[in-house]
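Please read the structure below before turning to the comments.
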Amino acid sequence: MILDGKMVSSKIREDIKNEISSFSIKPKLVDIQIGHNEASDIYIKNKEKACLSVGIEFECVRFEESSNEEDIVRKIEELNNDKRINGILIQSPIPDKFDFKDLVNHIDPEKDVDGLTNINIGKLANNIDGMVSCTPFGIMKLLEYYEIDLTGKNVVIVGRSNLVGKPLFNLMLNKNATVTICHSKTVDLKLYTKNADILVVAVGSKHLIKEDMVKEGSVVIDVGINRVDGVLYGDVDFNSIYEHVSYITPVPGGVGPMTVAMLLYNTVKNYKKSNIF
Ligand code: NAD
């Protein structure tokens with residue numbers, strides 16, 4: 001069965017739109033872009049479209065690669081202090097001369113809609129409510145929608161990024177799964193994936209996971225986005241695996257739309273906390 005992220009995300013977006021329609025002041029999200037990157041341009045456009053479709057104001061603040069870190073920090077502080085702004089994120093990747101972790105930690109944790117500040121990462125590890133990174137949060141919502149229980153399940157996450165793998169580890173652990181993280185230095189990946197009741201793959205390598213690497217009847221979540229000659233592929237070889245698993249996310253139409261929906265969700269969550277409506 002397909003885990004239809006497009007359908008589930010559109011329900012979430014519809015709920016958010018209805019909620020916002022009763023607000024006198026609209027929530028606002030700011031995306032900071034440093035330097036130029038074509039893929040980022042597409043992601044930013046998509047975020048803007050998604051925001052506007054539910055009634056969230058959107059602004060992209062652009063800095064040239066030649067900018068000083070101090071100028072960017074000053075802007076972040078200005079946005080932190082602006083009561084009209086409910087969400088701030090820094091579009092990655094950023095040029096190498098900047099320290100992403102350092103910049104992100106200048107964002108007010110309440111407005112950190114990507115859940116990447118040390119405060120929000122710590123809260124998640126401590127199972128305290130905070131801002132949760134949108135992709136892992138979206139995966140949890142998708143599993144919840146299809147009533148896939150995590151208690152006691154053997155979960156394997158391939159990929160240990162701060163954006164996906166690590167926060168998902170904590171979210172799933174908090175739901176009583178037994179969680180293993182695999183990564184580029186893992187010896188014998190198949191040994192782990194083959195035993196996973198729930199397999200999440202977030203690597204960025206087209207069709208890394210083949211038919212012989214998954215457990216019969218398992219749940220497979222494909223986070224990967226690999227654009228080859230203008231066509232999108234996941235990290236999982238969907239066609240060969242589909243018949244062998246109980247649930248699987250497609251690419252596109254699986255995790256991607258859930259990520260965008262949770263960005264809107266996090267922005268509105270902070271808006272409601274700020275009590276300005
Ligand atoms: P990343 O580059 O930060 O991390 C990749 C991870 O994969 C690393 O932890 C690395 O150790 C691991 N890895 C690399 N080669 C491996 C191998 N052969 N075997 C096992 N592990 C290996 O990437 P990221 O930001 O986590 O993104 C991963 C993928 O997910 C990318 O394709 C990205 O575009 C996609 N992504 C999609 C969404 C979405 O909304 N659908 C959101 C974020 C990322």
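Ligands are counted one by one from 1 in listed order, and the atoms in each one are counted from 1 as well. Any value given below was found using the heavy atoms of this structure, including those in side chains, with hydrogens, waters and symmetry copies removed.
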Please state whether [X] comes within less than 4.0 angstrom of ligand 1, counting heavy atoms only.
X: S205; result: no
X: T186; result: no
X: G224; result: yes

Exercise. Taking non-hydrogen atoms only, is I225 closer than 4.0 angstrom to ligand 1 via side chain, backbone, both or neither?
Worked result: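 Both backbone and side chain.
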
* Location of contacts on V203 toward ligand 1, heavy atoms closer than 4.0 Å ->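 Near ligand 1, V203 shows its backbone as well as its side chain.
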
For [X], does the [atom1] atom have more than 12 heavy-atom neighbours from other residues, nucleotides or ligands under 6.0 Å away?
X: Y192; atom1: OH; result: no
X: I119; atom1: CD1; result: no
X: K49; atom1: NZ; result: no
X: K194; atom1: NZ; result: yes

Is [X] salt-bridged to [Y], cutoff N-O under 4.0 Å?
X: E78; Y: K75; answer: yes
X: E48; Y: K45; answer: yes
X: K28; Y: E59; answer: yes

Got the closest protein heavy atom to [atom], with its distance?
atom: atom 21 (N) of ligand 1; value: H183 C, 3.1 Å
atom: atom 1 (P) of ligand 1; value: S161 CB, 4.1 Å
atom: atom 9 (O) of ligand 1; value: R160 N, 2.8 Å
atom: atom 29 (C) of ligand 1; value: G204 N, 3.7 Å

Enumerate the atoms of ligand 1 whose separation from the nearest heavy atom of [X] is less than 4.0 angstrom.
X: T259; result: 39 (C), 40 (O)
X: A202; result: 5 (C), 6 (C), 7 (O), 28 (C)
X: V158; result: 20 (C), 21 (N)
X: T135; result: 40 (O), 42 (C), 43 (C)

Check: Do ligand 1 and N226 have nitrogen or oxygen atoms that lie under 3.5 Å from each other?
Finding: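 It does not: no N or O of N226 is found under 3.5 Å from an N or O of ligand 1.
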
Based purely on interatomic distance, does S184 place a nitrogen or oxygen under 3.5 Å from a nitrogen or oxygen of ligand 1?
->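 Yes; the residue has a nitrogen or oxygen that sits under 3.5 Å from a nitrogen or oxygen of the ligand.
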
| said: With salt bridge (charged side-chain N to carboxylate O under 4.0 Å, His left out) as the rule and sequence neighbours excluded, what pairs involving residues 98-123 come up? | reply: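 Every pair satisfying salt bridge (charged side-chain N to carboxylate O under 4.0 Å, His left out) with a residue in residues 98-123: E110-K273.
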
Salt bridge (charged side-chain N to carboxylate O under 4.0 Å, His left out) pairs touching residues 197-212, sequence neighbours excluded, are K190-D212, D197-K215

| task | Taking all non-hydrogen atoms of both residues into account, name the closest pair between V155 and A177 and its distance. | result |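 That would be CG2-CB, 3.7 Å.
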
Among D235, N162, L208, which one has a heavy atom closest to atom 18 (N) of ligand 1?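 Looking at heavy atoms only, L208 sits closest to atom 18 (N) of ligand 1.
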
For this session: Have a look at I157, V223, L189, L232 and point out the one with the heavy atom closest to atom 35 (C) of ligand 1.
Result: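 When every heavy atom of I157, V223, L189, L232 is considered, V223 comes closest to atom 35 (C) of ligand 1.
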
Test item: protein heavy atom less than 4.0 Å from atom 24 (P) of ligand 1
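Under 4.0 Å from atom 24 (P) of ligand 1, at least one protein heavy atom found.
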
Review point. Is the F137 ring parallel, tilted or perpendicular to the Y265 ring (thresholds 30°, 60°)?
Key: perpendicular

